[in-house]
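Just so it is clear: chains get the letters A, B, ... in the order the sequence lines come, proteins before strands, and each one is counted from 1.
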Protein chains: 2
Amino acid sequence: MPDTSRRADRLPGSRYGTRPTMKDVAARAGVGLKTVSRVVNGEPGVTPDTERRVQEAIDALGFRRNDSARVLRKGRTASIGLVLEDLADPFYGPLSRAVEEVARAHGALLINGSSAEDPEREQELALALCARRVDGLVVIPAGDDHRYLEPEIRAGVATVFVDRPAGKIDADVVLSDSYGGARDGVAHLIGHGHRRIGFIGDMPRIHTAAERLRGYRAAMEDAGISVEPAWTSLGVTDPERVRRAAEEMLSGPAPVTAIFAGNNRVTVTVIRVLAAFSRPVALVGFDDIELADLLHPGLTVVAQDAALLGRTAAERLFRQLDGTLLAPERIELPTRLVTRGSGELPPSQ
Amino acid sequence: MPDTSRRADRLPGSRYGTRPTMKDVAARAGVGLKTVSRVVNGEPGVTPDTERRVQEAIDALGFRRNDSARVLRKGRTASIGLVLEDLADPFYGPLSRAVEEVARAHGALLINGSSAEDPEREQELALALCARRVDGLVVIPAGDDHRYLEPEIRAGVATVFVDRPAGKIDADVVLSDSYGGARDGVAHLIGHGHRRIGFIGDMPRIHTAAERLRGYRAAMEDAGISVEPAWTSLGVTDPERVRRAAEEMLSGPAPVTAIFAGNNRVTVTVIRVLAAFSRPVALVGFDDIELADLLHPGLTVVAQDAALLGRTAAERLFRQLDGTLLAPERIELPTRLVTRGSGELPPSQ
DNA sequence: CTGAAAGCGCTTACAG
DNA sequence: CTGAAAGCGCTTACAG
């Protein structure tokens with residue numbers, strides 16, 4: 001009983017049919033396989049009459065070229081992968097969309113994957129994408145060791161890291177100036193009279209979190225302020241942890257009078273805490289937030305351009321694929337301080 | 001001179017190498033191709049010693065199975081496509097992430113594409129995904145005619161529409177109760193004393209916009225209020241158009257005292273207009289918004305669950321692929337009125 | 001202008 | 001337990 005499963009697929013009423021191939025089209029049009037291929041790909045050297053016959057067969061059969069077979073033969077898949085943390089985060093949506101637009105301009109599709117900030121999952125995803133033979137990979141790293149990608153890069157997979165540098169390998173990276181942005185933001189608070197300033201950030205193993213903390217320390221040191229251990233708190237960004245961190249800094253005999261929030265998730269939670277708090281407390285957040293201007297007071301932020309990060313990275317990826325790119329580079333995009341009120345509040349004690 | 005391009009690829013210093021294949025691994029391990037395949041796929045029937053030799057060859061050569069070749073032979077690609085409007089919109093990020101999670105649970109990758117609300121681009125994207133032979137397609141339609149998908153569906157591509165129904169074909173659809181949600185929201189405003197209520201929505205060809213307008217009209221009719229033409233405005237959701245629409249409704253001798261905003265983008269712009277407006281105006285928006293509770297007044301919304309829409313659709317897609325699904329169905333998810341202040345303001349005139 | 005043969009890198013269906 | 005042959009649906013490199 002040969003090949004029953006296949007026959008079952010063809011049963012009328014069965015959901016899954018089999019698709020016509022170029023061979024079917026060729027048979028129906030009474031031409032050779034290569035002629036069909038020429039018509040499908042718009043290659044020259046087919047008489048109008050032959051072309052018409054082939055086209056009719058294509059339409060009658062509902063033929064659509066199987067790009068996965070094509071890819072196998074051609075080498076390039078015209079698809080790229082994007083490994084990010086969480087597509088549901090408002091920072092990554094625009095970034096992903098920007099990567100998609102560049103991919104589209106180069107005729108490539110984009111496969112997205114969320115690592116959920118889990119290094120193992122990042123690796124699993126990135127390697128699955130390589131197994132699909134994506135032409136290139138844009139990675140927002142969760143882990144800090146990317147040696148697992150070395151064989152892939154050697155084999156020709158273009159690779160660009162975004163938002164955070166690669167760990168233990170030399171690769172292109174496009175990121176915002178987290179250090180400088182945080183230093184500016186904290187200096188801004190100091191300029192408005194604050195000295196006891198808190199910093200709440202993401203897990204210290206995340207590069208941006210570490211850099212922003214470094215910027216905070218630099219600004220404090222520039223102003224000759226020595227940082228109390230109680231003023232800094234790094235860890236997961238879930239609301240509970242951040243809320244506790246904020247409440248601790250705001251209590252005690254010498255509470256902070258201002259807070260620098262290390263990213264959009266931290267900022268949102270801190271805003272909620274401060275909204276319910278008795279005294280006014282100044283706040284500057286890293287990352288801009290929708291409706292930030294409509295809060296009371298308006299939210300002062302250190303803004304970075306997520307879409308520009310994505311676009312820059314994707315463009316670099318395709319330049320790698322063009323072969324016009326040489327040594328790995330680090331591209332740092334500037335941040336922008338947007339003052340709206342919360343960062344200009346004076347110290348309340 | 002045979003195959004020079006290929007040799008160029010192998011040149012030392014060239015970025016693009018060629019990857020080892022199972023054949024290379026077999027040669028190095030001194031075994032047959034099928035034995036390598038067994039080891040790579042964890043199939044039984046290989047002696048520990050043979051397995052070890054194969055594994056050593058795999059590691060030495062840096063072999064990674066080419067899934068696109070595998071896919072060609074197996075039929076299923078273990079990938080699904082998601083065509084949505086814009087990944088940068090906060091409504092679609094969580095939806096996409098939810099689809100991805102379900103895909104992941106089924107061992108599939110997700111290819112995202114943004115239609116930018118352009119029916120042609122939607123079709124181009126959906127068909128490109130079919131050419132890649134995705135196993136299934138989740139589509140948030142931009143257009144209103146999906147007959148172009150009929151051959152694909154017949155050929156076995158599982159298809160589920162989300163947020164808006166398919167046009168001119170019979171297909172699964174998962175959506176929120178736009179009509180009921182809008183009716184509830186408008187009835188809520190009426191319950192707080194409003195009679196001159198404006199409606200600002202998306203383009204009328206978009207199903208959700210039309211349904212929400214219908215809900216608005218139903219609520220007005222239920223209350224015995226006849227709707228003035230000047231009170232409703234449908235069109236593109238760019239800030240300029242929405243701003244003008246709001247300002248017109250709010251001017252003249254009998255301005256509206258409340259506005260129902262048809263989606264998140266409209267709501268955001270209306271909030272900005274009202275923030276700069278002289279009189280208090282009540283507002284209910286369709287779709288929840290981050291920080292809505294921290295505005296003054298808090299924003300009252302008709303909330304829908306984007307992630308649940310995505311999850312429900314994706315689960316249905318995989319049930320189609322399992323073959324456990326029969327006739328196309330329409331699944332409508334309820335909305336939820338969240339009162340926070342802006343919808344409870346009394347009429348100011 | 002047209003097409004037959006070989007091959008992309010795997011899996012399938014055998015046979016030993 | 002192991003492997004040679006055929007084939008998935010295309011493109012490549014030819015030859016006529």
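Atoms CD and CZ, from A:Gln55 and A:Phe63 in turn, are 10.5 Å apart once rounded to the nearest 0.5 Å. Atom CG of residue B:Leu84 and atom CD1 of residue B:Ile140 lie 5.0 Å apart, to the nearest 0.5 angstrom. To the nearest 0.5 Å, atoms OG (A:Ser115) and CZ (A:Arg121) are separated by 7.5 Å.
Between B:Arg97 and A:Asp86 there is a salt bridge, since at least one side-chain N of the basic residue sits less than 4.0 Å from a carboxylate O of the acidic one. With respect to B:Glu152 and A:Arg19, a salt bridge is recorded, a charged nitrogen being found less than 4.0 Å from a carboxylate O. Ion pairing between A:Arg319 and A:Glu329 fails under the 4.0 Å rule for side-chain N and carboxylate O.
Between the C1' atom of C:dC8 and the CZ atom of A:Arg133 lies a distance of 12 Å, rounded to the nearest Å. Atom CZ in B:Arg132 sits roughly 18 Å away from atom P in D:dG9 (whole-Å rounding). In this structure, CG of A:Asp24 is placed 13 Å from C1' of D:dC8, rounded to the nearest angstrom. Rounded to an integer number of Å, the gap from B:Asn66 CG to D:dC10 P is 17 Å. Separating the CG atom of A:Asp67 from the C1' atom of D:dT11 is a distance of 12 Å, rounded to the nearest angstrom. Spacing between atom CG of B:Leu72 and atom C1' of C:dG7 amounts to 12 Å, rounded to whole angstrom units. As rounded to whole Å, 6 Å separates atom P of C:dC8 from atom NZ of B:Lys23.
Near DNA chain C, meaning a heavy atom under 4.0 Å away, there are no residues from residues 51-64 of chain A. For residues 37-48 of chain B, proximity to DNA chain C is found at B:Ser37, B:Asn41, defined as any non-hydrogen atom under 4.0 angstrom from a strand atom.
With DNA chain C read from its 5' end, the first of the two nearest nucleotides for B:Lys34 and B:Ala69 is the one closest to B:Ala69.
Checking A:Glu124 against A:Tyr148 by side-chain atom types alone, no donor-acceptor pair falls below 3.5 Å. Between the side chains of A:His146 and A:Glu122, at least one donor-acceptor pair of N or O atoms lies under 3.5 Å. Counted by atom type alone, A:Asn112 and A:Ser96 present one or more donor-acceptor pairs between their side chains at under 3.5 Å. Looking only at atom types and distance, the side chain of A:Asn66 has no donor-acceptor partner in the side chain of B:Arg132 under 3.5 Å away.
One N or O donor and one acceptor, one from the side chain of B:Arg73 and one from the base of D:dG7, sit under 3.5 Å apart. Taking 3.5 Å as the limit, the base of C:dG9 and the side chain of B:Arg65 contain no donor-acceptor pair of atoms between them.
When heavy atoms are screened at a 4.0 angstrom cut-off, A:Thr50 is found touching the sugar-phosphate backbone but no base atom. Nucleic acid contact class of B:Val31 (heavy atoms, under 4.0 Å, all strands): sugar-phosphate only.
In terms of phosphate contacts, A:Thr35 brings no side-chain nitrogen or oxygen within less than 4.0 Å of OP1 or OP2 of C:dT2. For the OP1/OP2 pair of C:dT12 and a distance below 4.0 Å, the side-chain nitrogens and oxygens of B:Lys74 include at least one atom meeting the criterion.
With pairs defined as Watson-Crick or G-U wobble and both atom distances under 3.5 Å, the stems of at least three pairs that touch DNA chain C come out as C:1-3 with D:14-16, C:5-12 with D:5-12, C:14-16 with D:1-3.
With a 4.5 Å cut-off on side-chain heavy atoms, A:Ile111 and A:Leu129 count as touching. Taking the side chain as every heavy atom from C-beta outward, A:Asp24 and A:Leu61 approach each other to under 4.5 Å.
Listed nucleotides D:dT11, C:dT11, D:dG9 differ in distance to A:Arg70; the shortest reach to its side chain belongs to D:dT11.
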